[in-house]
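This report refers to the structure that appears directly beneath it.
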Amino acid sequence: MLASVHTLLQSGSARDAVTVAGWVRTRRDSKDFSFIELNDGTCLTNLQILVEPGCPDYANIGNIHTGAAIRVDGELVASPGKGQRWEVRARRVHLVGPAPEDFPLQKKRHTDEYLRTIAHLRPRTNKYGAMFRIRARLAHAIHEFFHARGFYWIHTPIITGADCEGAGELFRVTTLDLANVPKLNGAVDFGQDFFGKEANLTVSGQLSVETCCLALGKVYTFGPTFRSENSNTSRHMAEFWMIEPEMAFADLRDDMALGEDLIRYLVRFVQRECAEDLDLFAKFVDRNLPATLENIAGHEFIRLPYTEAVDILQKSGRKFDYAPAWGRDLQSEHERFLTEDHFRQPVIVYDYPQGLKAFYMRQNDDGRTVAAMDILVPSIGEIVGGSQREERYDNLQRRIRELGFNEADYWWYLDTRKYGTVPHAGFGLGFERLLMLVTGVGNIRDVIPFPRTPKHLEF
RNA sequence: UCCCCGGUAGCUCAGUCGGUAGAGCGGGUGGCUGUUAACCACUAGGUCGGCGGUUCGAGCCCGUCCCGGGGAGCCA
């Protein structure tokens, strides 16, 4: 029976016969014995293994290099050395999987850029091990949050029909022979394609999940999302994960409250449940991380109408590259000013000009703004984008026509407003941006095991 | 896509004015110590991103391509 390193390090007493298995982080040899640092992924801390000449495997200890997989039988004893409470005195050391001397991970610090080139091995580092543990725990915590509040997890489709979502560039899905594309009247004949029509990977589950919202009341999606934009930044990937809750009988105020509750709950969760892993990021990635997280979890978010935000920016006396003006999008520098200089905490900007936002957002009575909201956080910017949805059939239809969309593509979406429509609201939260926020990691490619970005599809 | 910066040993980097390639870590060998990124000595290891050009001579200057990073836009 295997014991985990995590369990053994927390043991309350010595234990006679234990077996542990994992990967060697380093070996330190003395004349008459060796120390092995063993990590099995169950926690950040390594377990120290003592191998003495009496152990029958001592003679071959030189074959166990950094990176090798081993299984150790021995006894858990109090460590007479400094730096650890427990260690395992080995009776047998089995070399399960050797690692030659050219194992790419060394004991010293590597750059994130280099580790991206060996993404298949980087989970074996302290930092990425901690990251992927936190990622898994946080994903679970999101489900717990919604479950406790009566939300149902809805599996919206990954493959969708023609673009009736208007959010970003699409990845086409096809089984057509690209070397010999069938044509009809000069255009591609998608009638011969797998679905008999154009198909794409989803850019958002929102429109789909709204249908379940108007039946189950409170729902959310949590799954992969795909956008083929040629974005080369530290905040974008072609494949990322998004959480999209949707609430019936709810307005923008409820929406903002839910977004704020979710973020503050998740920050508290990692502070409490991932303390050891989080500490690594506080030590080696961002020294201000504990203060940043406490600031987010401990304070209510600022709520600021877009119109007032523009006013603050204009009166700030700050020289911006892009002059703030009503009707124009907030630039990165504007968001930074609000969250990092002016308020120094997360800010929810709401009631945006209609022209800046998507067709499905609810038109306000002022005739020029919509009930949209973005949650902006220091250093990352927009982490949540949401709105109250336009539930009035005529208004929605008018917007679709005004924007020149093909009304027929939206027949089922409009139907939800025709039959038993109700006010409802929701938002999208970028899961990777959330991970950047809680760990302080500055590049989104380092919070997911295998990042997909333009011209990068390794591993 | 645009604007900057970079590419030298397995890894992290230095390399002066254009003059025959350096360190630390990692590897190997030996020594030493209940060690903690262990330590000490010795040792092996290079198409200086690719191609072309200037020059008596290019890691260094010029052109071009490839790759990486930062910022911007698009957005989550």
Side-chain angles (χ1 to χ4, degrees), chain A residues 25-37 45-52 62 65-67 77-84 87 89 99-118 121 125-126 165-169 202-206 221-222 224-244 259 284 320-322 329-333 335-336 356-358 374-377 380-386 427-437 442-448 453-456 458:
Chain A
R25 285 297 170 78
T26 182
R27 195 188 80 226
R28 292 182 292 272
D29 296 325
S30 293
K31 191 171 169 188
D32 291 322
F33 46 84
S34 287
F35 292 109
I36 292 171
E37 294 281 339
T45 310
N46 302 321
L47 179 64
Q48 178 163 286
I49 312 290
L50 173 65
V51 190
E52 295 170 300
H65 294 102
T66 297
V77 298
S79 176
K82 289 176 184 145
Q84 62 283 316
E87 66 188 17
R89 184 177 298 146
E101 307 77 32
D102 62 353
F103 182 62
L105 291 171
Q106 296 177 16
K107 289 187 274 189
K108 56 183 271 185
R109 192 185 165 281
H110 290 289
T111 62
D112 292 323
E113 292 78 20
Y114 171 66
L115 292 171
R116 266 172 232 149
T117 69
I118 50 169
L121 296 173
T125 63
N126 288 339
E165 293 162 356
E169 303 292 314
T202 182
V203 293
S204 164
Q206 182 202 317
T221 72
F222 185 3
T225 307
F226 308 88
R227 300 200 182 160
S228 65
E229 274 131 18
N230 189 17
S231 295
N232 294 289
T233 80
S234 54
R235 299 181 304 283
H236 293 87
M237 290 186 295
E239 177 180 302
F240 62 100
W241 286 61
M242 190 155 64
I243 298 106
E244 296 174 286
F284 299 115
F320 293 110
D321 291 337
Y322 296 84
D329 247 326
L330 296 181
Q331 303 290 316
S332 289
E333 55 178 342
E335 296 178 354
R336 285 198 121 91
L356 297 178
K357 293 293 183 181
D374 287 348
I375 301 184
L376 312 177
V377 294
I380 291 163
E382 183 181 342
I383 194 167
V384 159
F427 61 80
L429 167 69
F431 185 49
E432 282 77 17
R433 289 190 181 174
L434 178 74
L435 280 163
M436 294 171 75
L437 180 70
N443 196 312
I444 200 165
R445 297 168 189 129
D446 299 330
V447 304
I448 191 169
T453 54
K455 300 284 183 288
H456 290 277
E458 269 106 57

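What's counted below: heavy atoms across the whole structure, side chains too, no hydrogens, waters or symmetry copies. Here is the naming used below: chain letters follow the sequence lines, and residue numbers restart at 1 for every chain.
As judged by a 4.0 angstrom heavy-atom cut-off over every strand, A/P104 is placed among residues making no nucleic acid contact. Using a 4.0 Å heavy-atom cutoff across all strands shown, A/S332 reaches sugar-phosphate atoms only and no base atom. Residue contacts shown for A/E87 include a base, since a base heavy atom lies under 4.0 Å away. Residue A/L105 is out of contact with every strand shown, counting any heavy-atom pair closer than 4.0 Å. Using a 4.0 Å heavy-atom distance criterion, A/F35 is classed as a base contact. Residue A/T111 is in sugar-phosphate contact alone, with no base atom involved, counting any heavy-atom pair closer than 4.0 Å across all strands shown.
Comparing the P positions of B/G19 and B/A58 gives an interatomic distance of 11 Å, to the nearest angstrom. Nucleotides B/C56 and B/C13 have their P atoms positioned 37 Å apart, rounded to a whole Å. Annotation: B/C51 and B/C67 have their C1' atoms spaced 15 Å apart (nearest Å). Comparing the same atom, P, in B/G57 and in B/G46 gives a spacing of 26 Å after rounding to whole Å. Of the C1' atoms belonging to B/C32 and B/A41, the separation is 11 Å, rounded to the nearest Å. B/G53 sits 27 Å from B/C3 when the C1' atoms are compared, rounded to a whole Å. Comparing the P positions of B/A14 and B/U55 gives an interatomic distance of 31 Å, to the nearest angstrom. Nucleotides B/G6 and B/G63 have their P atoms positioned 14 Å apart, rounded to a whole Å.
Residues A/K357 and A/D374 form a side-chain contact, since some pair of their non-hydrogen atoms from C-beta on lies under 4.5 Å apart. You'll find the side chain of A/T125 reaches within 4.5 Å of the side chain of A/L115, heavy atoms only.
For B/A76, the base is stacked against the aromatic ring of A/F240, per a cut-off of 5.5 Å between centres and 30° between planes.
Look at A/H236 and you won't find any side-chain N or O under 4.0 angstrom from OP1 or OP2 of B/A72. Side-chain nitrogen and oxygen atoms of A/S204 include none within less than 4.0 Å of the OP1 or OP2 phosphate oxygen of B/A76. Side-chain N/O atoms of A/N443 include one lying less than 4.0 angstrom from OP1 or OP2 on B/G70. Side-chain N/O atoms of A/R445 include one lying less than 4.0 angstrom from OP1 or OP2 on B/G70. Here A/T26 does not reach the OP1 or OP2 of B/A37: none of its side-chain N or O atoms lies under 4.0 Å away. Put simply, A/R235 has a side-chain N or O that comes within less than 4.0 Å of OP1 or OP2 on B/A72. Within the 4.0 Å cut-off from OP1 or OP2 of B/A72, not a single side-chain nitrogen or oxygen of A/Q331 is found. The side chain of A/S234 contributes an N or O atom lying less than 4.0 Å from OP1 or OP2 of B/G71. Regarding contacts with the backbone of B/U35, every side-chain N or O of A/R28 stays at 4.0 angstrom or more from both OP1 and OP2.
When each of A/D29 and A/D329 is assigned the nucleotide of RNA chain B with its nearest heavy atom, A/D29 is the one assigned upstream, toward the 5' end.
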- Task: Mind running side-chain contact (heavy atoms from CB on, under 4.5 Å) on A/F240 and A/F431 for me, showing each step along the way?
- Result: CA-CA 7 Å; A/F240 62 100; A/F431 185 49; over 6 Å; no
- Item | Verdict with reasoning, A/R116 to A/D446, per side-chain contact (heavy atoms from CB on, under 4.5 Å) | CA-CA 8 Å; A/R116 266 172 232 149; A/D446 299 330; 2.7 Å; yes
- side-chain contact (heavy atoms from CB on, under 4.5 Å) assessment of A/F35 paired with A/L50: CA-CA 5 Å; A/F35 292 109; A/L50 173 65; 3.6 Å; yes
- Stepwise side-chain contact (heavy atoms from CB on, under 4.5 Å) check, A/L434 with A/I380: CA-CA 9 Å; A/L434 178 74; A/I380 291 163; over 6 Å; no
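Across all strands shown, B/A41 forms a Watson-Crick or G-U wobble pair with B/U29, both key distances being under 3.5 Å. A 3.5 Å limit on both hydrogen-bonding distances identifies B/A72 as the Watson-Crick or G-U partner of B/U1. B/U20: no Watson-Crick or G-U partner with both key distances under 3.5 Å is found in any strand.
A distance of 9.5 Å separates CD of A/E382 from CG of A/L330, quoted to the nearest 0.5 Å.
A/H110 and A/Y114 have tilted rings, their planes meeting at an angle from 30° to 60° on a 0 to 90° scale.
Of the candidates B/C11, B/G34, B/U36, the closest approach to any side-chain atom of A/E37 belongs to B/U36. The side chain of A/E382 sits closest to B/A76 out of B/G34, B/G10, B/A76.
In this model, a side-chain donor or acceptor of A/S231 finds a partner on the base of B/C74 within 3.5 Å. A donor-acceptor contact under 3.5 Å is formed by the side chain of A/Q84 with the base of B/U35. Within 3.5 Å, no donor on the side chain of A/E113 pairs with an acceptor on the base of B/G6, nor the reverse.
One atom, CD of A/E229, and another, C1' of B/C75, lie 6 Å apart when rounded to the nearest Å. Rounded to an integer number of Å, the gap from A/Q48 CD to B/U36 C1' is 7 Å. In this structure, A/I49 places its CD1 atom 18 Å from P of B/U36, rounding to the nearest Å. In this entry the distance linking CG of A/L115 with P of B/G69 reads 12 Å, nearest Å. Rounding to whole angstrom units, CG of residue A/L50 and C1' of B/U36 are separated by 13 Å. We find that CE of A/M436 is positioned 13 Å from C1' of B/C75, with the value rounded to whole Å. The interatomic distance linking A/R336 (CZ) with B/G70 (C1') rounds to 12 Å, in whole Å. In this structure, A/N46 places its CG atom 10 Å from P of B/A38, rounding to the nearest Å.
Not one N or O on the side chain of A/S231 forms a donor-acceptor pair closer than 3.5 Å with the backbone of A/T233.
Considering every non-hydrogen atom in both A/G67 and A/A99, the closest pair reads C-CB, 3.5 Å.
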- With the sugar-phosphate defined as primed atoms, P, OP1 and OP2, and the base as all remaining atoms, what B/S/- string results for nucleotides 44-50 of chain B, 5' to 3', for protein heavy atoms under 4.0 Å? -------
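For the side-chain hydrogen bond (donor to acceptor under 3.5 Å, both in side chains) test with A/E37, the passing option among A/R27, A/R28, A/R25, A/Q84 is A/R28; the others fail.
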